[in-house]
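In what follows, a single structure is set out as structure tokens and then discussed.
Convention: sequence-line order gives letters A, B, ...; per-chain numbering from 1. Here the structure is a predicted model, which means the values were calculated and not measured.
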4 protein chains.
Amino acid sequence: MTTSAGEAVGRVQRKRGRRIQQILTTAAELFGERGYDGVSLEDVAERLDVTKGSLYYYFSSKDELVTAAIETLGNDWTDRLERLRAAQDGPPAARLRGLIRAHVAIAVNEYPAALRLFLVPGTWPQAQRTRITALRRRHDQVFRTVLTEGVESGDFAVVGIDVTLQVMHAAMSQAPLWCAEGAPGERDRTLDELADALMKLVAR
Amino acid sequence: MTTSAGEAVGRVQRKRGRRIQQILTTAAELFGERGYDGVSLEDVAERLDVTKGSLYYYFSSKDELVTAAIETLGNDWTDRLERLRAAQDGPPAARLRGLIRAHVAIAVNEYPAALRLFLVPGTWPQAQRTRITALRRRHDQVFRTVLTEGVESGDFAVVGIDVTLQVMHAAMSQAPLWCAEGAPGERDRTLDELADALMKLVAR
Amino acid sequence: MTTSAGEAVGRVQRKRGRRIQQILTTAAELFGERGYDGVSLEDVAERLDVTKGSLYYYFSSKDELVTAAIETLGNDWTDRLERLRAAQDGPPAARLRGLIRAHVAIAVNEYPAALRLFLVPGTWPQAQRTRITALRRRHDQVFRTVLTEGVESGDFAVVGIDVTLQVMHAAMSQAPLWCAEGAPGERDRTLDELADALMKLVAR
Amino acid sequence: MTTSAGEAVGRVQRKRGRRIQQILTTAAELFGERGYDGVSLEDVAERLDVTKGSLYYYFSSKDELVTAAIETLGNDWTDRLERLRAAQDGPPAARLRGLIRAHVAIAVNEYPAALRLFLVPGTWPQAQRTRITALRRRHDQVFRTVLTEGVESGDFAVVGIDVTLQVMHAAMSQAPLWCAEGAPGERDRTLDELADALMKLVAR
DNA sequence: GATGAATGAGTTTTCATTCAT
DNA sequence: GATGAATGAAAACTCATTCAT
């Protein structure tokens, strides 16, 4: 044996991790598209080209799978926004607009389905709601930071920070529902318009 | 017999109509709370204190019941907003704000559940979506009229009428999710804030 | 209408009751034969010539059905023994022997399966155990009464009342396992022997 | 190399044997506690801290594992009783009582679960029943020998040898169900009582 | 009009078993 | 020897729908 047992364990673990990610990605897509009740484990399994039973090897229930899927998707998304914010500089207005634009671009282009995951938590079993709320809070924080900065520097004028964040979040989450159609070029213009409209919320 | 057959028929019809309204109201509440798949006909029947079978006397399928429930609720709501608008006068800003304020008040106080009915149409069976879209359009029209007037009169400055309506609608529909808690007094203040924030979208 | 609504309700209730009894009898037979895990609801349904779904109309889970089945069977049995005891007279020995003989006759001829229902409660889901224990206690009481009488009158001499009852119960419950075979005539002789053997437990 | 290939094979065999014993002991415990259907191979594997797959290296099916487990347990038990009987002397009554006392002590203290293994063979798949019956017969033989001797010597008077053995066996197997509770001291007294009660079955 | 009963198709879940590594 | 992964068949349970009364 040229590899130690430890390495072997590590390799197996990594492989398992990759498989789980695969499942979660697929699940997130499907549940995002059609909601909790709209997707059966059969559906998930079929898209992965395995049998239902296999899913139970990794997750002990539909609820657990869904929770994990939401968590993964939400964290990935927030990570990207956080990295973007960390990399930004310039005046608050430019930075906030950048975040908004990035958020709706991800929403519309990559997770057209995610709306349902965060927007309507009432649909989910109780267990999931807590997690979703936590994710949502972390997600909010990215925008709150920039917004607060702008308000304190006098660049922004808002009715209230909380209410402004709520409006932004609502509008961004909804975006996929009405921006999905149209050619890519047109879509980009629509997204720009949306970002511009939301920036009015902080205009002096 | 002092009543003619015609009157008897009429009376029966009215009674039937009232029963149907009862069912629709209850159904709208439940479906609004928990979504299409989250509510079984058993649930609806139980809340009405009848049996599942009876529902089939009035509606030939779950879908039909749901469609009718959405329609009723949506029309009632829009009717109220239209009456309000017809009764309004004064400058566009005051009128638009009045409409927004009335809308969120209805949403939060009376149909806290309606969010799901209009906001996430993807959840509904295809048949319903068409109706929902139509309702949504009629609903939009109320706001669009005032918004267009204000823009044309130069009272409002917007990025785009469509995008502004979308943002407003999204924010108003979401409102019940974050305004539900708190004492009535505090809630009113939150709704005022929301209306103020949305008015920034049309500020010059 | 010649029958009042009350009568109609009563008739429906009775019909429902009869149906439930039918199901319970069948279920008790099957579960007695093959145990909790050995019988699927499909099995029960098939024997009743209905579909699984129908069972759920009357019982909300397999556990509930099983519990009810055990309860019914246990109560019927005890009722019969109690009636027998009430009708008996004569010296304690004759009465005790009569009870024992009746008990094993019922066990062997009518509920050859019941053994598992009372003898090995560990097999059953926790919820059922409580009920089974209660049934068992009521059942014991029939024998305890006569046994105590005999001891107090000096007709019986026992090592201890509790231990004697336990031995009797164990032996009677087991009987179907080794008395089932043989012609009816031979079987009767075996049951007589068993009753005689158990009477030695109380001999002076 | 100081050990020959043969010795190596032997060592491996012994190791294999020990592993098998380990599995069988664990399996016997679990199956005794919860019955055939109540225990999954996953349960057995987990308790042994191996994976399900590994069990298939030693046993080709669940049935085979269960059969072997029962066999082992039953043989051990009978061996101990046979050795005890071989070592006994004195009058038949003392010897029979000794056997009974030893049997219930083992049952209650060591295999509180074994009841299900022997008492309710109907639970087991057909294949196992034959083996269980054989074991049971061997087990019976120990008691039958002493009982017969006592009857022939005139020390015992019984209704019938078979029926007496059946009653004894039933009572002893049940013992764990009602002797399990209480402090060790009290438990011993209960077991003594049980032995005394059973001795009445052979009293002149 | 209304109800109780029944159905059947679909969904979640479990588990003995197989197998490549 | 042992493991992780996968399978497939069967089980419990749900629910929209139908229908005789």
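- An OP1 or OP2 oxygen of F:dG4 is reached within less than 4.0 angstrom by no side-chain nitrogen or oxygen of A:Arg16.
- Residue C:Tyr58 is in sugar-phosphate contact alone, with no base atom involved, counting any heavy-atom pair closer than 4.0 Å across all strands shown.
- At whole-Å resolution of the value, CD in B:Gln22 and P in E:dA2 are 10 Å apart.
- D:Asp49 has its CG atom 8 Å from the P atom of F:dT3, to the nearest Å.
- One interatomic measurement links the two molecules: CD of D:Glu64 to P of E:dT18, which rounds to 12 Å at whole-angstrom precision.
- When the P atom of E:dT7 is taken as reference, atom CD of B:Glu42 falls 18 Å away, rounded to whole Å.
- OP1 or OP2 of F:dT17 has at least one side-chain nitrogen or oxygen of B:Tyr56 nearer than 4.0 Å.
- Judged by Watson-Crick or G-U wobble contacts below 3.5 Å, the nucleotide E:dA16 has F:dT7 as its partner.
- Taking the ring axis of B:Phe31 as reference, the NZ or CZ atom of B:Lys62 does not stay both within 45° of it and closer than 6.0 Å to the ring centre.
- B:Ser40 comes within contact range of the sugar-phosphate backbone alone, with a heavy-atom separation under 4.0 Å but no base atom that close.
- Taking 4.0 angstrom as the limit, A:Ser54 places a side-chain polar atom (N or O) nearer than this to OP1 or OP2 of F:dT7.
- C:Tyr57 places its OH atom 17 Å from the P atom of F:dC19, with the value rounded to the nearest Å.
- Atom-to-atom, CG of D:Leu55 to P of E:dC15 comes out at 15 Å; the value is rounded to the nearest Å.
- Closest to the side chain of D:Arg19, from the set E:dG1, F:dA2, E:dT13, is F:dA2.
- Counting non-hydrogen atoms under 4.0 angstrom, A:Lys52 reaches a base of the nucleic acid.
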